Amino acid sequence: MSGSDSDGRSYVLQVYQTLMSQETGRWCTIVVPRETTAAAVIKEAVAVLGADPSRHYVLAEVKECGGEEWVLQPCEQPVLRILLWPLGAQEQHPCSDGYYFLLRECDPDGAVCYRPTSQPCGEKVAAQKLVERGFLPPEREDVDDLCDLPVLTESSILGVLRTRFQRHKIYTYAGSMLVAVNPFTFLPIYNPKYVKMYEKRALGELGPHVFAIADVAYHTMLQRRRNQCVLISGESGSGKTQSTNFLIHCLTALSQKGYTSGIERTILGAGPVLEAFGNAKTAYNNNSSRFGKFIQVNYLESGIVRGAVVEKYLLEKSRLISREKNERNYHVFYYLLVGASEDERKEFKLLRPEEYLYLKQENLDMEDKAVLRHEFERLQQAMGMVGFLPPTKKQIFAMLAAILYLGNVTYKPRGTDRDEGLEVGPPGVLAILSDLLQVRKELLVEALTQRTAVTANDTLIFPYSPSEAVTVRDSMAKSLYSALFDWIVLRINHALLNKKDMEECISFLSIGVLDIFGFEDFKTNSFEQFCINYANEQLQFYFNQHIFKLEQEGYQAEGISWHNIDYMDNVGCIHLFSKKPTGLFYLLDEESNFPHATDKTLLAKLKQQHQGNPYFVPTPVLEPAFVVRHFAGNVKYHVKDFREKNTDHMRADIVTLLRCSDRAYVRQLVGMAPAAAFRWGVLRATVCSLAVLKEAGRQHAEKTTGSRCGSRTLLGELRTPRTPAERLNCAVACAPQNLIDASSLKLIMGLSVHDRTTRALLHLHKGKKPPSISAQFQASLSKLLETLGRAEPFFIRCIRSNADKMEMCFDDSLVLQQLRYTGMLETVRIRRSGYSAKYTFEEFVEQFRVLLPTDASTPQRDIANFFQKMGLAAGTYQIGKTKVFLKEPERQRLQDMRHKRVMDKILYLQRWFRAHLDRKQFLLMRSAAIVIQVRALTSVKVTRWCITLERASDSFRMGQVPIRISRATRVPVQWNASLDRKISNPNELRHLDDFLANQVNDLHSKGKHLSAVENIFIRATVEFRENIKTSFFFVNLSSRCCYKDLMMNYQDKVCSLAGQKQKTEVPLVVNLFQSILDGFVRAEIKKEEVEPEKVHSLALASMAVTEHRLDHVLSTYQVNIMQSCDQCTSYIWGMEKAYMCSSCKMVCHKKCLSKINKCCSPYCSKKGSSQLFGIPVCVLTSEDSTVPVVMAMLLEHVELKGLYTEGIYRKSGAAHRVKELHQRLEKDLRSVCLEEYPIHTVTGLIKQWLRELPEPLMTYTHYSDFLHAIELPEKSEQLKAIYTVLERLPTPSFNTLERLIFHLVRVAKEEAHNRMSPSSLAIIFAPCILRTPDTSDPLTSLKDMGKTTMCLEILLNEQMRLYREKLNELQQLEYAEALVVKQLKLKRQNTVSPGNHGLTVCIKVQNTAPFGQTTFSEDESMDTDSEVEEILVHRIKSIKKEK
């Protein structure tokens, strides 16, 4: 094969059949153009090399001689691989240089038949390369689950983690626990398609992933109706924050079933905001969380997000003023200083980072300014998602600038004596600081330089020393930042609160995600590390309780055979910290309360009380530190500043100063009660608004006093409240009640720890001291453990791969150390020896009843017999006193057996029911055959009698009385020839509708009493016109619809309206309508002869343009976590806009839309022997026919011939007739005459066509979305969610579904005749267009049947409502048109009576304002009759245009 590209260039492919050298091996060169596929190259290479063409082959790329082979798919283009090679390799070259293609033999299923040849590399290396290429199964050291290791040791666990890490597999299971190794780089495995991939998959069914844990937790919560929690643990730098973000992203994606509420957006936006204000760069981690957070996402029992709560723990305030080398302050400061605009820099007086004392440090690296600018934009977008308005953002940024300027305040003694005070400066900094805080400069200086003490008789002022003043300044900065952080958490929780929780008492479930600071051991460990490591000790104890203690106690309580596994218990270390009265925390609180205590006295007391404690290691006397033996190793803590940090509260003078600020935001930060501050702010705003309105009214009244007349009271003269109490009551009455009610803030404060931390921080009471920081931390930690104790846990262990933050670098010693102190070996051992599946006898019988004997009476014995009958090994299950214990593979086996058994039962019922129907049909046919035979015998006798009668009639005379002929007999039996005309343009239907409207109006305008025939004619014509209107946009030009079909449809309509009483009038009405229709057709023929009408396309102008490529339904998508483009593989940063396919969840840049070359649906490339049935909708549609032709033809036939047939879709047609029509349509669609078949045969084929689609119209992808839409509480929310999901359907499916729903609406509209209501239609069609895949659990499908039916019924009812509204609007427009036309006729004929000088037309028409009320009288400014006539003509045209 040879050829050239569009630019004239050809490419040379060297194809080898073996790995031998070029001189001795069989090879060939092939010259191909660029677009040649691998399948075409294989075909030509087989022919050139003389290979056996009956065998199967694959084409593999080899870059290194004898090296790895990468198999190409048949549709891939080998030239695209060549273009990535070096220039020399693109021309002919020896095989030893590498870069060639290899022709390999494979099995019919695609498995490569590899026959090893002599290689220069060793046998072990060759086998390893075969494993990497996928030609051999993986070795046992690379397993997805550590429990599957044949040899369980520390080295084998480390080897598996290392091997998987080197292959970019950072996740590994340890039973149900997930081990995640931090790669310190982004891997493209977090796109939405991976969320879709792991949805409703059992743990272990696919490769390990954090999305698998999220999905299992979500569906376990829904199935068991119990709260879940996910504990993410690990030391600092192990990737806990990223894992939390991925989990939250997946949990919100799982709950967004068709209808995305604002709660999900707020949850996703809260993460970046909290990270910016609470995370910082440390020596171990570039995004280290310097606080702990517990995010509890609340769900309704249907799985829809109800709300969320964020708890925060122990913000590291000391980082604000000092840090270690190569570390940074909180992210938000650098984001603001680098990313702020020029206007913002001027407004907040921003400087460079190195000009602030709190940011100044050695080796300050600011090379990542582009990243910081992007992060600032991302932060602002996230703050908008949370609900921060632009003025609120400015207030937050102003506070951040004030905190930075606080660090630049300097002190200098005025003299040698302390009483002389301090000189504070620089003046410029003080001026900026007072402006940002909106406080007086003099008061600010006093608060920063002196302390005020109030006694019983006097007020004392004590100047600060320089060191005390610096401490006060830093304390003010830390307290302000802590208050700001608390306020942000409060606002986030307020935004996450579902307001209905305050009004309704609805039970909900929850999933909690804990992202708390990891274990830390720095060169200098202080009070923060002391608290952080204690929290990690508590979490390790919680882990041990659930993994080891409770598990083994449960086995022992059930009396099963079990050998206990020893583990490292850390209870002693926890008692060292928190046991009363000698715990380290309690001793620290005692020393903090003593006025003359020092760091030395604290250390001495600690050593004295815990001298013999094995977890407490004293240091040498001269070293001010002590060592604690943690589960993760020994940590040395320096006692310097322990006492000060434990009682770090804002001074009373500083609080008083800030409460005098002119800026309400500053006062809110230091307020004791946020709810009261919020209420008072609303009240102040209301009073100010009333004052402004009053002043504006007074000024307006003064301007208009001289020009107005009358006794109307001016706004300024209204009585105003005189007393303050009256003014307050007036303000409260005028203010919106929903703003004054701050119960939502109280609820939030009850759910979070904001009230405990902030009130202690701003404590002003003198009689009672506030709780210490350690006491607050212990209380919040106890509340956290209590919350976790009420939930079922999932564990994620994060491992730090190396200490230098290097990308994809695996440090064996560091990883092994983490595996040891977390007890990974013991964890895997108990996970492997234990039983992951536990059922009570009742639960087991309920879930697997179909597998057990029907006469089961004693569950324990019956279950044991059942397991023995299955042949389960003895070690794979055990039966206790009340529970059944199973290994995971056995549980999966039971579920597979249950699925198979249920499917067998379903097939049995289907066979029985079909046999019953066939038997019934056979009996009917036999009865019909007997009747036919009897009638045949009777007809023979009648024929003989007729012959005798004819002979007798010859004897009659001509003078006898003639036979009278009724008027009904004069109706012609056959239609006129003009009615055979085909309808080739929808405009003919519009003209026919107008023509019939004029005929009806003429009959109404006669003013005489109408006959029975005319009454039936008018009623039938009005309803027939509704059918014509509905056909404007759905007429199928490729079908053979003609006026004869309309005539037959009209006849059916007349018969249904006439009934039995007026049956004799039917021929007259039909005859009258035929004459009218014949006249219209002849007029249309003449019109075409005079002026041939242009053919217009059927494109709907109102149809929205949807961006789609190869059946992808693409819509804009805001990325919340970093992802990768599926087309160019480059990064898509958080908060950027991208395009996502709603079906396959493909994500790409806007610029990459043109690169999409893979079809969305897996069925679109499959075509079988059938051309119409069992074919994807996207294959049967095109730009010209948006609905499959066969479907359009069948639906149109039913609408013309069968709308009035009783049980049109309920009754089934004859199976052999349906099969016959199916075959004829497959053979030649155009030659089939549907009139030859009963209407039930056609309707049965419609249902069969829908059932045989590879993917239903409402798609498998969106099946769960529709079900979740039904589970929403409000009907309006259900409708909105259903229509939101419908918009995400692929365009061919949407168009076909739209046509089908419209057809069902027309059928349901004639319920009085066909007995088909929307509910019955939903029952029939829901299994056809909204069904689960065949691989899903049949029991689940049966349970969901009610939801699918309800979804379709809601959709049909809503569409019927809209249908009636549109027809009503059209009728009103026609009525308005008839009135105006009548008035125009009267005007032209000058028939207006003298007593009636005007005609008023009052019509209520939606969206028809120009003719809502039209009045013509003598008072109107109409000078001549021509003007009136012109206006009326214009009105008629406007109404026609509106129609």
Side-chain angles (χ1 to χ4, degrees), residues 1-51 55-106 110-136 166-168 808 1127-1130 1155 1157:
M1 180 180 67
S2 63
S4 60
D5 203 354
S6 58
D7 56 359
R9 181 177 178 184
S10 302
Y11 299 86
V12 179
L13 275 66
Q14 294 183 223
V15 182
Y16 291 80
Q17 191 173 3
T18 63
L19 281 176
M20 300 178 184
S21 63
Q22 182 177 352
E23 289 76 11
T24 59
R26 300 178 62 186
W27 66 283
C28 66
T29 58
I30 302 176
V31 181
V32 297
R34 180 171 181 169
E35 64 271 10
T36 305
T37 62
V41 173
I42 291 173
K43 184 177 180 181
E44 185 161 348
V46 168
V48 175
L49 295 173
R55 297 182 179 272
H56 300 273
Y57 300 90
V58 295
L59 190 69
E61 177 193 18
V62 182
K63 292 185 179 180
E64 183 181 17
C65 183
E68 297 178 351
E69 302 172 12
W70 301 98
V71 177
L72 276 68
Q73 298 297 325
C75 59
E76 290 187 78
Q77 300 175 6
V79 174
L80 298 181
R81 300 293 185 98
I82 291 179
L83 296 177
L84 300 177
W85 293 355
L87 294 178
Q90 298 182 14
E91 303 296 335
Q92 189 170 343
H93 57 279
C95 175
S96 58
D97 295 342
Y99 295 102
Y100 55 86
F101 291 95
L102 195 63
L103 188 67
R104 283 285 187 195
E105 185 178 346
C106 68
V112 178
C113 302
Y114 185 81
R115 297 181 179 85
T117 57
S118 57
Q119 306 260 344
C121 52
E123 182 178 353
K124 184 176 180 180
V125 176
Q128 179 65 25
K129 291 185 177 181
L130 292 178
V131 171
E132 293 178 358
R133 296 202 313 270
F135 296 152
L136 294 178
Q166 292 171 353
R167 298 174 182 175
H168 290 197
M808 299 306 300
Q1127 301 302 320
C1128 66
T1129 68
S1130 60
K1155 300 179 182 179
N1157 55 10

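Note that the structure is a prediction, hence the values are computed from the model and not measured.
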query: Once you round to the nearest 0.5 Å, how far does OG1 of Thr37 lie from NZ of Lys43?
result: 10.5 Å
message: Holding to side-chain contact (heavy atoms from CB on, under 4.5 Å), I want the full list of residues that pass it with Ala47, two or more places apart in sequence or in another chain.
response: none
field: From Ile30 atom CD1 to Leu49 atom CG, the distance as rounded to the nearest 0.5 Å
entry: 7.0 Å
message: For a quick test of reading the model, state the closest non-hydrogen atom pair linking Glu105 to Arg55 and the distance between them.
response: OE2-NH1, 2.9 Å
- prompt: Any side-chain heavy atom of Phe101 sitting closer than 4.5 Å to one from Val41?
  reply: no
- line: dist Glu61:CD -> Leu102:CG (nearest 0.5 Å) comes out at 11.5 Å
- prompt: With sequence neighbours left out, what residues match Glu76 under side chain to side chain donor-acceptor pair (under 3.5 Å)?
  reply: Arg81
Atom of Ala45, atom of Leu103 and distance for their closest heavy-atom approach: CB-CD2, 4.5 Å
Within-4.5 Å side-chain heavy-atom neighbours: Pro78 and Leu59: yes
field: Qualifying residue for side chain to side chain contact (heavy atoms under 4.5 Å, CB included) with Tyr100, from Leu13, Val15, Val62, Thr29
entry: Val62
